[in-house]
Amino acid sequence: MHKEILKRFRDPELGRQMAEQVRERLDRLTDRLGRRVNVMEFCGTHTAAISRTGIRELLKPHVHLMSGPGCPVCVSDYVDIDRVIALAGMSGAIIATFGDMMKVPGSRTTLLEEKARGADVRVVFSSLDALAIARENADRAVIFVGVGFETTAPTAAVTVEQAVQEGRDNFFLYSLHKITPPAMMALLPDRDLQVDGILLPGHVSLITGRGYWDFLSRDLALPGVVAGFELLELLSAVDALASSLLEERCAVINAYGRAVREEGNLSALDALARCFDLQEGHWRGLGIVPASALKLKPELAPWDAEVRFPLENRPAAPPKGCLCGEILKGKKTPFDCPLFASRCEPARPVGPCMVSHEGTCATYYRYERFIR
Amino acid sequence: MHKEILKRFRDPELGRQMAEQVRERLDRLTDRLGRRVNVMEFCGTHTAAISRTGIRELLKPHVHLMSGPGCPVCVSDYVDIDRVIALAGMSGAIIATFGDMMKVPGSRTTLLEEKARGADVRVVFSSLDALAIARENADRAVIFVGVGFETTAPTAAVTVEQAVQEGRDNFFLYSLHKITPPAMMALLPDRDLQVDGILLPGHVSLITGRGYWDFLSRDLALPGVVAGFELLELLSAVDALASSLLEERCAVINAYGRAVREEGNLSALDALARCFDLQEGHWRGLGIVPASALKLKPELAPWDAEVRFPLENRPAAPPKGCLCGEILKGKKTPFDCPLFASRCEPARPVGPCMVSHEGTCATYYRYERFIR
Amino acid sequence: MPEECILLAHGDGGALTHRLVQEIFLRHFDHPALRDLTDAALLHLPEGRLAMTTDTFVVKPLFFPGGDIGKLAVAGTVNDLAVSGARPLYLTAAFILEEGFPLADLEQVVASLARTAREAGVAVVAGDTKVVERGCGDGVYINTTGAGVVPAGRDLGYHRIMPGDAVIVNGTIGDHGLAILSKRAGIEFDTPVESDCAPMNGLTDMLLERFAEAVRFMRDPTRGGVATTLNEVAQSTGLNIILEEQALPVREEVQGAAELLGLDPLYLANEGKVLIVAAPEAVEEILTTLRRHPLGLNAAAIGRVEAGTGVGRGPGQGAGQRTGQGSGQGAGRGRVFLRTPLGGHRIVDMLAGDPLPRIC
Amino acid sequence: MPEECILLAHGDGGALTHRLVQEIFLRHFDHPALRDLTDAALLHLPEGRLAMTTDTFVVKPLFFPGGDIGKLAVAGTVNDLAVSGARPLYLTAAFILEEGFPLADLEQVVASLARTAREAGVAVVAGDTKVVERGCGDGVYINTTGAGVVPAGRDLGYHRIMPGDAVIVNGTIGDHGLAILSKRAGIEFDTPVESDCAPMNGLTDMLLERFAEAVRFMRDPTRGGVATTLNEVAQSTGLNIILEEQALPVREEVQGAAELLGLDPLYLANEGKVLIVAAPEAVEEILTTLRRHPLGLNAAAIGRVEAGTGVGRGPGQGAGQRTGQGSGQGAGRGRVFLRTPLGGHRIVDMLAGDPLPRIC
Amino acid sequence: MCLAAPSRITAIQEGGFLAEVESFGNKRTVGLTLVPEAKVGDYVLVHAGFAVQILDEEAALDSLKAWEEILAAAKGGA
Amino acid sequence: MCLAAPSRITAIQEGGFLAEVESFGNKRTVGLTLVPEAKVGDYVLVHAGFAVQILDEEAALDSLKAWEEILAAAKGGA
Ligand code: SF4
Ligand code: SF4
Ligand SMILES: [Mg+2]
Ligand SMILES: [Mg+2]
Ligand SMILES: [Mg+2]
Ligand SMILES: [Mg+2]
Ligand SMILES: [Mg+2]
Ligand SMILES: [Mg+2]
Ligand SMILES: [Mg+2]
Ligand SMILES: [Mg+2]
Ligand SMILES: [Mg+2]
Ligand SMILES: [Mg+2]
């Protein structure tokens, strides 16, 4: 059944019609504003889907679809990557993390290279897999490097709770989890950006609920639309945003109704509240953002890799010439970076935006490099 | 210089002349006794050298050169091999031992097969190498399986002392070391054997000294000659034995003067006395022989693998049909064994005599199989 | 039970090596050149150019849905010869065995290799066995090297590809890569997808017999998938290739699993697929022919060749220019694009980095 | 410094693989068939029978006195062709790289392989690279497969060996095996002995050009040494071989080290030696010829062929009978004996088990 | 930001911690702790090895209907 | 029973625990604890990685001389 629905959500004929309607509305907006409207997709999965479906190219004359800092891998700072790499060097330790983390450059090296040099680093698909590794290696420290926003953080939380329940004392979480609103608040008020409206991350929203975003309209007077990821969902979300702007309605609309509820996923939100405290976080590009990082509560300290394996805090300089910071803020595009597609490419990334499949630089490299 | 001496010790022309003289003496003895004289070479290295040089074939009509139990690998009992294999199965343990031990069959398997199945078993050339492995693997138990007679046991002793001095608490000796006289006393009085004289192990003697063997003439009224290993040394030793028998002198003669002193190696004998106690030992073929096994003294218990990793004592049956026991006693030759060169061969040994390069079965297989 | 698994001594060239060769290898491979175990096989070669190719197979797991490393080792090498226009005749097979590898598994692999070779009509004429210590291998690795003959009159190559040519594939893409991935440690999932692993020399020979002129070029999109292989074509010719997203034959199970894991079927390996560049006027006839062959039932035209964006056309320049430049930058070289159903375009690049499963 | 060592991505067929191929392999190997990186090399083959052989090289350490794995990979395969009477022409080279292997070491190996191939006059015409995870390999393994041509009129083989024939070797034995052993973990010692590793096709071709009739058979005594190789000859022909201990050319350094470790040079591997079975009347002339070649300075006649103890002569029966029997038992088959200086005999058997160093 | 793929729950393991899900014939085991209310037959979005939300099929069909109507109207109106 | 090979001591390491020995150009490091009286230049028998005895060259030459004399005598006498 869902198979059928998905097929229709991807129907090219409906898509063309919808695109026609969106273009028409956007052009009216352009006429009214005297410039193309600026829409930021905060979420990297949106960035990738918009490029992959060709929507960005198709709508380019009508709207500036700006890519935001919505890739948790990309916003992980050098400081944190360096620390994870240091943990990987501990004798006997096993680092488990998601595939994308493997290639993120710290200040000198990556987990992938450390693995090649002998560190035991394993790619997992889920924190549950990391816990299973800990069960099978009871005499070794297994450190799960959790990275992700509100969507992913609850999965790490319930896994830690599972470890606690099992009395598994060799499983540790190194939490690089972050929440998104503080980054938006740090970014969107920036005059230079001139963001007119925002496509809100669909999968963060299915945890947080639509209501989570009301601060946008309330505090920043920005309209927002929670968007899905299929062709028609993306187009209809842009359409809804255009309508709001045309009608000068400033509200947060849910255009991903099949997955996102008003109140979100209460079980997941409970898990976050039970396990994590908010602390200041290092964001690549944005710097230190207060109350944006999810760190394990003190009562979970025995499972907290940062507490159990404390490391010196050595500041590291970002690589010369990398514009990641500006690109994450949406102020520059990868085409502005002199390293883009020359010294920096997915096979040998310089900045983290070139690493993650949904990093802005990687996405533009993969899908848009010669299409301008 | 020594190079030149060795060359002359191997000179075939001198050898042929010496052989002529030996034959002549032996034939006179045969005439006197009415049978070929029986000479046992106790030492496996002698067994191999006598076969390799062709002396056994050459002198066959004139003397019966019987092979004795003088291979420390061959006389190691199933019980001990099974225990070593059990230790190899301990998680994290490293077993280090000499190459020949790898293929000795326990009651079900060998160290070589256990290694193939994942056990960490390493071949070393010296107990010092095993200690070095322990230094490099400070978090793992390194068990050196020491095997050998009086020649080898002192090297294990001083290595344990070195470990004690270094405070190396992850190095352990599993001592299968044995001394030779009790085995001789258990064997030689046997009427069936009719040993007329004995070639004494040259390299045991360089530790023990010639005097060590006086019990032979004193208690058993047997003449003996301490023999070297080069062509002329071997022939001259047989010659000396033949002379003694002809002249009815019953003494122990040193015919390996370049290496063996009257009193032996006092440093080595001291080391033995400092580290080891004599206990009853399991000898394949001979059974339990009192006061024949060198086991670490109680004060060295922390470095004694048998004390630190106690194992159940499970008796094991020797393989069906294997005549090792009888062969080790010199009562049978490999040609008497129905498995010899059919089911039992060096690539897949059934009994331990087929394993060691100087095991009687392996030697006969390698050098004498089709020469009868 | 003397030994049920590989020991180091099986590789020392001595008695156990001989027993292994006799009791496992020679029992499954039967060719006069092998029987004497001499240093080299002496063989008859028919008229034509000699074609040679080599590949080592290090697949994990050794046994996977739709095949095993033995079958793969034949298919992979036979296919490299086949897509070059050659008729595969002889294979050499060299094994690297890890100490402790079960003899029963070895026998199963060897039997499968022998069976596939017979099916493909190639003879295994020389072999080698090495044993490496535990922890220095992974069960078994197999190198196969193939020799064949290109009959007179066949000429395939980059130099024959022209703008306007069509790109054809003989069936669904990504099946092998997904089947393997589904068994990879840490990602295990159950999938109905089987590897497409199969020798294609029957199919290619049939095609070349009928369309010697219209078929310009063939290549098997193995490691790196269709995307990487077509990028090699584009870079070597300086021509662009435009794929039609809707025309790509992808099993819905493969598409579904790829979405689950965050992968793109264009980058998944195939082991029974051939990309054919052909004259546009022959496309329909070629598709009809392919679809009558068991390995071509889902054949489809998936794209077309277009003039590149600048210099560097033709094989000579293309190849020369390529040397030492790395991938993907510089202007005026051939590219691969994909036209989305909406009519937009996106780049299809070479694979960069293992297609790791990812969460974002 | 992006990557100084092999990463898994170097083997995924994508961008890093391409860079590796361009920047290391193609820089050292230069052959038209390689340049286009197509699936198979298309080659010209002169008149004669095609000879093929394959070998994988897993030597430890990779760099040893007198050579390295790259040189060895050429010498080993070229020699197998050469001793079969063939003129080696083409090589394929397939690498299994372990994650973490230093690129600098790889480049050194590849350069050595290329240099040795040039010296031997063979072209590397096809290649393959696989990367395996750390702990699933050992730096680098190399498979080389060779193709060559046996000119008309050459006929070497077991079937030509007759009682009375002489056994010749082109120089000192055991050098390679000892040089390798001296670097093995746990046995390290310093030795002046270098590996004899060298392609011998120049020497064998010269020999066969002059002594096509008198040379009956050739073989390179590699793994298992002279003892194992001659046992294969004896078993395959049903004839006995009698070696003269005093005639064996053994460097005194090799003899000394072998005694130190409890080894027999007859079982140590050689990589630049050929055993030649030849008509007795030609022995002196062959020795004179060999000694004029740089690889034959220490050539010596080391033994002779005698009638075996019973049935089983001739290659056909010998081979048939051998199958499934294992080694070394049964009556009436060819044996190898060694005559000691004293005039006694002893058996020289096949290697059984790794020549481990031992104390007793 | 976060890939999530729709799958159908085919079985829930004892204790309710894990579920078998199926998507186009592909089967996986996923954590169910975050959607304890899910039942066999439900479609869920799976992220990082966990079911993170139950999909609302009715809402999906509503969206489709709405789009089709609007587009039809627009066409009709054009 | 025990292989032992003659080697010449070329150097003794600090502390006297280890020595470098040489035999036909082959060099090894061996334990010296069991023959503390050995000096550089001495020939020793090496067993299991240790020097176990100093070889007595004079005794070796004596043996040789004795054999040669006896054999010569025997020949003369024959
Ligand atoms: S292209 Fe590379 S260097 Fe430039 S901003 Fe992106 S990640 Fe940084
Ligand atoms: S030949 Fe084998 S089975 Fe027979 S006695 Fe010797 S070791 Fe035992
Ligand atoms: Mg190939
Ligand atoms: Mg291939
Ligand atoms: Mg081989
Ligand atoms: Mg392994
Ligand atoms: Mg190919
Ligand atoms: Mg070969
Ligand atoms: Mg070879
Ligand atoms: Mg050979
Ligand atoms: Mg290949
Ligand atoms: Mg390794």
Side-chain angles (χ1 to χ4, degrees), chain C residues 61 64-66 171-196 225 245-246 248-270 298 341-343 346 352-360, chain E residues 1-35 38-57 59-61 63-64 66-72 74-75 78:
Chain C
F64 49 80
T172 54
I173 65 175
D175 300 9
H176 176 75
L178 194 84
I180 294 291
L181 210 60
S182 75
K183 299 291 170 227
R184 212 154 96 172
I187 326 175
E188 286 103 315
F189 61 94
D190 259 354
T191 178
V193 180
E194 295 204 339
S195 166
D196 57 353
E245 187 165 24
Q246 284 180 294
L248 292 172
V250 182
R251 280 183 210 286
E252 68 175 23
E253 297 89 342
V254 172
Q255 185 65 47
E259 284 177 21
L260 206 71
L261 301 169
L263 300 171
D264 187 339
L266 279 170
Y267 294 91
L268 291 173
N270 310 275
N298 297 309
L342 219 60
R346 61 176 169 96
D354 199 30
L356 297 166
R358 53 205 173 78
I359 53 145
C360 67
Chain E
M1 201 128 46
C2 317
L3 283 170
S7 307
R8 199 169 57 87
I9 297 180
T10 56
I12 295 180
Q13 290 186 10
E14 216 187 301
F17 294 117
L18 296 172
E20 311 284 318
V21 301
E22 189 269 347
S23 167
F24 294 102
N26 304 292
K27 296 192 180 104
R28 286 205 68 195
T29 302
V30 301
L32 204 59
T33 333
L34 296 174
V35 283
K39 305 175 308 294
V40 168
D42 281 352
Y43 278 83
V44 288
L45 278 172
V46 173
H47 171 75
F50 281 85
V52 285
Q53 190 54 288
I54 303 172
L55 285 168
D56 183 342
E57 196 179 324
L61 291 171
S63 299
L64 266 178
W67 297 334
E68 279 161 2
E69 279 170 15
I70 294 168
L71 294 173
K75 234 185 204 166

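So you know, we letter chains A, B, ... as the sequences are listed, proteins then strands, and number each from 1. All values reported here derive from a predicted model rather than from experimental measurement.
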Nearest 0.5 Å, what's the CD-OG distance between C:E259 and E:S23?
7.5 Å

Contacting region of E:T29 [heavy-atom separation from chain C under 4.5 Å]:
neither

Residue that, paired with C:D190, satisfies side-chain contact (heavy atoms from CB on, under 4.5 Å) out of E:K27, E:E22, E:E20
E:K27

So, E:N26 side chain and C:F189 main chain: donor-acceptor pair closer than 3.5 Å or not?
no

Shortest non-hydrogen pair, C:P192 vs E:G25, comes out as CD-O, 2.9 Å

Which value, rounded to the nearest 0.5 Å, describes the distance between E:F24 atom CZ and C:T191 atom OG1?
12.0 Å

Residues at least two apart in sequence or cross-chain that pass salt bridge (Lys or Arg N to Asp or Glu O under 4.0 Å) with E:R8, listed by chain then number, are none

